[in-house]
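Read through the structure below, which is laid out as structure tokens, and then see the notes.
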Amino acid sequence: MLRIAVPNKGSLSGPAAEMLHEAGYQQRRESKELRIVDPVNEVEFFYLRPRDIAIYVASGRLDIGITGRDLLIDSGADAEEILPLGFARSTFRFAAKPGTVTSPADLAGKTVATSYEGIVAAYLAEHGIDASVVHLDGAVETAIQLGVAQVIADVVETGTSLRNAGLEVVGDPIMTSEAVVVRRTGTDGEDPKVRQFLRRLQGVLVARTYVMMDYDCRVEQLEKAVALTPGLESPTVSPLHNEGWVAVRAMVPSKEAQRIMDDLYDIGARAILTTAIHACRL
């Protein structure tokens, strides 16, 4: 069986389980379950702390896992990212009191508090900055107020918590993160079970990104319509019973669907419909 690590809690857990369910895999019914077997798909799922998943995968005990890119890098484990999953996106940045640090170069000689020591240490080493790093779990914003550090490095979403703590971001983002599938570095990428698993997740990503659009249009407007809905390869075009009309079907990006419907209507298309895609293979 393919052995897969899945986050057991936190912001990664729910979306990961939802994606796996959409991909056709059985998921646990109780949050206390630490392991389940999906015999139909020949998969065994292990529910682990997100921070530990890369380490388990790197050990070879598990084949692949779902975790955050930030947690993968911070772990320093011998594992690599093989597929970004598009959820749990975040930005990792430095922050300090206004006017005390204006660029990463100003970090030299200072102490940086963070819950992601591996990421920060690697960044400082890469940029040749001589600064100290202190590891803290939980909210690091108070580290500056309590004198533990002059700078913090943490995940920043809206920046509200930083502003409430009297801090401001410094420089460009250290990194951007999202949920990713990881495997042991150097593992053979031709494992058919792993390829099937990745295809299923890629199918979910596509299904979430596109909708199926159907509409009728006059033959003389077909080229304009097809230019608006080129599809992935090309649209399906079928003649209608009424002469001079055709039915068109194509996948379109869901974010652009309403605009495309407006543009189609303006050139004379009618009976314009969109349908959600629940699964696909490209």
Side-chain angles (χ1 to χ4, degrees), residues 5-16 31 47-59 65-81 84-85 87-180 182:
V6 183
N8 67 342
K9 59 183 179 180
S11 61
L12 291 166
S13 178
S31 60
Y47 296 86
L48 306 169
R49 292 180 67 246
R51 277 189 172 274
D52 297 336
I53 286 176
I55 297 172
Y56 278 106
V57 172
S59 74
I66 296 175
T67 187
R69 181 182 295 130
D70 53 350
L71 299 176
L72 166 64
I73 296 174
D74 192 60
S75 71
D78 192 18
E80 61 184 359
E81 173 184 333
L85 298 178
F87 63 85
R89 289 191 172 99
S90 61
T91 304
F92 199 71
R93 309 190 69 157
F94 291 114
K97 287 185 177 180
T100 60
V101 178
T102 58
S103 72
D106 296 333
L107 298 174
K110 293 182 169 57
T111 299
V112 181
T114 184
S115 300
Y116 299 82
E117 186 176 359
I119 293 175
V120 175
Y123 179 91
L124 295 174
E126 180 182 351
H127 291 80
I129 300 172
D130 184 15
S132 301
V133 180
V134 57
H135 178 86
L136 295 175
D137 286 321
V140 297
E141 292 91 344
T142 57
I144 296 177
Q145 181 181 359
L146 296 177
V148 174
Q150 295 85 42
V151 183
I152 66 168
D154 202 7
V155 173
V156 177
E157 296 181 359
T158 64
T160 301
S161 59
L162 291 179
R163 289 191 293 272
N164 290 341
L167 306 177
E168 65 179 8
V169 296
V170 175
D172 295 328
I174 302 170
M175 67 169 293
T176 57
S177 181
E178 64 181 290
V180 297
V182 300

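If you take NE2 on His127 and CD1 on Ile174, they are separated by 9.5 Å, rounding to the nearest 0.5 Å. Ser11 OG to Phe87 CZ: the interatomic distance, rounded to the nearest 0.5 Å, is 9.0 Å. The OG atom of Ser132 lies 11.5 Å from the NZ atom of Lys110; values are rounded to the nearest 0.5 Å. Between the OG atom of Ser115 and the CZ atom of Phe92 there is a distance of 7.5 Å, given to the nearest 0.5 Å. How far CD1 of Ile55 is from CG of Leu72: 10.5 Å, rounded to the nearest 0.5 Å.
Counting heavy atoms of neighbouring residues, nucleotides and ligands inside a 6.0 Å radius, atom CG of Asp130 does not exceed 12 of them. With a 6.0 Å radius and a threshold of 12 heavy atoms from other residues, nucleotides or ligands, Tyr123 has its OH atom above the threshold.
Put simply, the side chain of Ile119 reaches to within 4.5 Å of the side chain of Asp70, judged on heavy atoms. Looking at heavy atoms from C-beta onward, Pro50 lies in side-chain contact with Asn8 at the 4.5 angstrom threshold. Contact of the Ile73 side chain with the Tyr116 side chain is not registered, since no non-hydrogen atoms from C-beta on lie closer than 4.5 Å. Proximity of Val182 to Thr67: side-chain heavy atoms (C-beta onward) are separated by under 4.5 Å at one or more points. In this structure, the side chains of Val156 and Leu162 come closer than 4.5 Å at one or more pairs of heavy atoms.
Not counting sequence neighbours, the partners of Asp74 by the salt bridge (charged side-chain N to carboxylate O under 4.0 Å, His left out) test are Arg51.
For the pair Thr111 (side chain) and Gln150 (backbone), a donor-acceptor distance under 3.5 Å is absent. Ser13 places no side-chain N or O within donor-acceptor distance of the main-chain N or O of Gly10, the cut-off being under 3.5 Å.
In terms of heavy atoms, Ile53 sits closest to Gly65 at CG2-CA, 4.0 Å. Considering all non-hydrogen atoms of both residues, Ile129 and Ala108 come closest at CG2-N, 3.8 Å. When all heavy atoms of Leu85 and Glu178 are compared, the closest pair comes out as N-OE1, 3.6 Å. Residues Ala77 and Ala58 come closest through the heavy atom pair CB-CB, 3.9 Å. Between Ala16 and Pro7 the shortest heavy-atom distance is CB-CD, 4.2 Å. Heavy atoms only, all atoms of each residue included: Val151 and Ala96 are closest at CG2-CB, 4.3 Å.
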Practice task
Go through the steps to decide whether Ile144 and Ile152 satisfy the test side-chain contact (heavy atoms from CB on, under 4.5 Å), and finish with yes or no.
Solution key: CA-CA 7 Å; Ile144 296 177; Ile152 66 168; 3.9 Å; yes
Problem - Pair Leu107-Phe94, side-chain contact (heavy atoms from CB on, under 4.5 Å): steps then yes or no - result: CA-CA 10 Å; Leu107 298 174; Phe94 291 114; 3.6 Å; yes
Exercise for the section: Kindly determine whether Lys97 and Leu167 satisfy side-chain contact (heavy atoms from CB on, under 4.5 Å), including the steps that lead there. Expected result: CA-CA 5 Å; Lys97 287 185 177 180; Leu167 306 177; 4.0 Å; yes
Under 3.5 Å, side-chain donor or acceptor atoms of residues 133-143 against the rest of the protein: list the pairs with distances, not counting sequence neighbours.
unit_1	atom_1	unit_2	atom_2	d
His135	NE2	Asp137	OD1	3.1
Glu141	OE2	Ser161	OG	3.4

